[in-house]
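First the structure, in the form of structure tokens, and then the observations on it.
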Amino acid sequence: MMGTITDILGILIIAYMLLVIVFYIFMMAVAYFTLAREKRLDQDALEDEMQMNIFTKPVSILVPAYNEELGIIESMHSLITLRYPETEIIIIDDGSKDRTSEVVMEAFKMTPSDRTPQADLKTARVTAVHRSTLHPNVFLIQKENGGKADALNAGINYARYPYFCSIDGDSILDRNSLLRVMQPIITSDGQVVAAGGNVRIANGNDIHFGAMEPRALGNHPMVLMQIVEYLRAFMLGRIFFSRFNMVLIVSGAFSIFNKRIVIDVGGYSADVIGEDMELVVKVHGWIRENGSDERIEFVPDPVCWTEAPTSAKVLRRQRRRWAQGLFESLWRHKYMALNPKYGRIGFIAMPYFWLFEAFGALVEFAGYAYIIIAFLTGTLNTEIAALLLLTFVVYGSIFSTLSLMIESWTTHNNAKPKSILKLVAMSLSESFWYRPMMILFRLEGMVRFFTKKQEWGNMERKGLGRGT
Amino acid sequence: MTLTEIVWTIIIVLAVLLALLIGITIWRAVYREKRREAVDAYIEDHFDAWFDHLYYGAPAPEYDRSKRHQRMAIERIFSSFLHNGHSEEIKKRISEYAQENFSADYRRELKSPLWAHRVNALTRLSDFGVSGFTDFHDDRRIARMTRFEFFRYLIYLSHFDMNAFRTKFLAKKDLTEYDYKKIFTRLDDDRIYNIQSLYAVMPDAGKYAYIDRLSRTGNLHAGRWLESLLEDDNAEIRIRTLKAVQTRGIIEDPARYMKCFTSNVWTERMLVCRIAPYIGDGSIEGLRKCAADPHPLVRSAALGSLKYFQPAVMNQGVAE
């Protein structure tokens, strides 16, 4: 009897995994054809034209910073050297306990500014506003600690341009990133109201005055695995969902929003841990409720380089935070799921995120547990366990490897053959160590959601640049 | 077949497929890297010679048509010169060279089933000024074009054949305002007036872009024509017209603007307050009404413009 029940459980998990695999194959095919079409386009010529034209919309770049003294200056240099006609850069020091503000004020020769807010999103108290005498379009807002969402809202209040770009305090943008990520917004006459760019791992690369100089891939398995993981997430999920206007996540590390709409939906929510996803879901809700045809897109080309955690301890904090944030946003907007009013968001995106992203960790955990118990005790059906292991390997390692290959075939990343081989080897090992680790972290995030624990955790930056 | 055998078969098939795909990926990466190195090497070796040819008319370097990377390198050099300098001589030499050496390639690419190839070819034809392709696209081909492809095609036509441009311009109506603005910006003032008769049949996005373009002409006729749009039923047209007038800074007929002060669209009231100094003393009454407007931006614009009329306002006050 017990054996039958566990067999049924094993078969159900296999059925779930097969469903995921079929869906992933479909997503991958869409991603491939979408990217392959644009791959041969001469982007340099088009960008030169965009850079020079007078219709590019000005952007306020918001940089929320908390204890970023190590990486903030390089990040700022990358923003100042961006190829974009008109920007302003607003750093929001969210009550840092280190010397973030001091470092910025010294480096950019800041003086007090009388700039006043243009919107009134509720935030923690702003204590000072400064302006750079070296670069008059660079501002520093100092405020009491309120969290990343709160800091971004403060930045939105002081932003004067119709679009704002949110970027993490330790991230580096490629010179053309802002041009590329704004392209769909500009060419669609503002019908695209938000866009997210591609985020890549920068660990091990050199940075000189804000410009990333890729070096050979390092050998840190945790970092290599995250490179693969980011590629997979962007290649598989974001491109597919963007194609059908179902993007629910644009990376908080690099995203553009229409300021007016964000103010209309109340800005970033300071009471959730995944404020980036929360905002995107709110904007989708706004679009549906207004019956308009605006879109949110993911732009695969533009690149934002970010620092990945190098220790399991920090990675754990990050992933459980992401998982918790996912649950919070999905729960808060559960009214959208299977609701005809929300179209594809309600019938495809929301159910996908609930079934595969949110509860997927639980199902996978049950599957791994089944395999381990089956092989250790020999009491369970070893054939089912073997089939289950195969589906995990396909779902994990194979899809990661395929994502790497699609990325190599369809983008201009110019990765060296040796690097590709290294990443392929890494991704083939994913199902046997990295994925089980991620499952545990995600389950922890799920538990924290249900027990209502709210904290970011210390991200322990090492700072990008000079081969860190 | 037992389940175990099925599993093993799947594993073997997947392993073989994966090995094949990885092999293809590596081969493509190696090929791409070699080509990139070849392009960079060509540019490094021949840039000075191209500089001499384009600036001083020295003989052009040898070009081997069979080597694709050479064409890519030369195109990159040409783009670099076009985007970083301005000289009619350079443009002429680039155009002549591309016409003679690349036309056949572009003709082939325009027929390619790959969308990106066709778009790249259209972009280069426009950038390098290669003539002779205005009749290339028949109606069937145009109907199959994507929006972006059509946009690039119109830009090409606008360079070389205004008659064809006028005919084909409204063949597709799904261009965005941004597309129309990019097209109209490339037309000189004469050509812009040339298509004024098409305004009535343009889609809204085209109309907005046309009004914006007219705002940057100095001709008096443009001002009169713009002011006639203030009678349009479409509020957005009236708003764009006011913005265009603000950019031009020239008022032909002040009487036309008076009713804007009492429009039920707040943006119109705000914009007319902003251009009141150009309208003249006749706008003071309207500004006074708008100074008490329910919308804060209208009030702000009205009070800002009233400052220009302070002596007249004071005199009026004294007279009263």
Side-chain angles (χ1 to χ4, degrees), chain A residues 36-57 183 185-192 381-391 393-394 397-398 401-402 404-410 412-421 423-425 427-428, chain B residues 2-8 10-11 14-15 17-18 21-22 24-33 36 72 75-76 78-80 82-84 109 112 114-121 123-124 126-127 146-148 151-152 155 175-182 185-186 205 208-209 212 216:
Chain A
R37 183 174 187 258
E38 305 241 343
K39 185 216 170 168
R40 292 176 182 87
L41 210 55
D42 184 352
Q43 292 286 358
D44 288 340
L46 296 173
E47 272 159 24
D48 282 339
E49 208 176 279
M50 273 213 95
Q51 162 74 1
M52 293 184 302
N53 87 59
I54 57 177
F55 309 119
T56 313
K57 299 188 193 306
Q183 207 168 338
I185 293 173
I186 294 163
T187 58
S188 68
D189 291 341
Q191 240 198 349
V192 174
N381 190 320
T382 50
E383 282 187 335
I384 290 179
L387 194 53
L388 202 47
L389 181 61
L390 178 64
T391 58
V393 167
V394 169
S397 301
I398 304 296
T401 311
L402 288 175
L404 267 173
M405 287 191 269
I406 287 177
E407 205 260 351
S408 171
W409 293 345
T410 59
H412 301 274
N413 70 0
N414 298 323
K416 296 195 181 318
K418 214 168 130 184
S419 302
I420 295 172
L421 273 174
L423 291 173
V424 165
S427 55
L428 287 172
Chain B
T2 65
L3 195 53
T4 312
E5 283 167 352
I6 292 171
V7 169
W8 275 113
I10 294 172
I11 289 172
L14 277 178
L17 272 173
L18 210 54
L21 289 172
I22 291 170
I24 293 171
T25 306
I26 299 297
W27 176 82
R28 284 171 77 135
V30 167
Y31 174 77
R32 203 173 49 223
E33 201 171 320
R36 201 178 63 248
M72 289 171 71
E75 283 173 345
R76 220 199 290 175
F78 284 177
S79 294
S80 167
L82 288 170
H83 289 128
N84 293 303
E109 282 168 14
S112 169
L114 295 170
W115 169 81
H117 284 181
R118 299 195 305 269
V119 170
N120 287 341
T123 304
R124 292 198 183 100
S126 299
D127 284 354
T146 61
R147 193 200 100 225
F148 189 65
F151 160 67
R152 299 288 344 166
I155 288 187
L175 296 182
T176 63
E177 184 183 338
Y178 171 80
D179 296 333
Y180 284 116
K181 278 181 175 171
K182 290 293 300 291
T185 308
R186 290 162 188 261
Y208 303 152
D212 177 82
R216 280 173 272 113

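Numbered from 1 within each chain, the chains take letters A, B, ... in sequence-line order. Note that the structure is a prediction, hence the values are computed from the model and not measured. Side-chain atoms are counted along with the backbone in the values below, which use heavy atoms only and exclude waters and symmetry mates.
Of all non-hydrogen atoms in A/Ser397 and A/Leu428, the two that sit nearest each other are OG-O, 2.9 Å.
A/Val394 touches chain B through its side chain: at least one heavy atom from C-beta onward sits under 4.5 Å away, while N, CA, C and O do not. Interface remark: B/Ser126 contributes no atoms to any contact with chain A (heavy atom separation under 4.5 Å). Only the side chain of B/Leu114 has a heavy atom closer than 4.5 Å to any heavy atom of chain A. Heavy atoms closer than 4.5 Å to chain B are found in the side chain of A/Leu402, but not in its backbone. At a 4.5 Å heavy-atom cutoff, the contact between A/Leu390 and chain B is made by side-chain atoms alone. Contact of B/Leu14 with chain A is made through the side chain alone, with heavy-atom distances under 4.5 Å. For chain A, no part of B/Ile6 is nearby; none of its heavy atoms comes within less than 4.5 Å.
Put simply, the side chain of A/Leu421 reaches to within 4.5 Å of the side chain of B/Ile22, judged on heavy atoms.
With 3.5 Å as the limit, one finds no donor-acceptor pair spanning the side chains of B/Asn120 and B/Thr123.
Judged purely by atom type and a 3.5 angstrom limit, B/Glu5 uses its side chain to pair as donor or acceptor with the backbone of B/Thr2.
The line from CD of A/Gln183 to OG of A/Ser188 is 10.5 Å long, rounded to the nearest 0.5 Å.
Between B/Phe151 and B/Phe148, the angle of the ring planes lies from 30° to 60°, which puts this pair in the tilted group.
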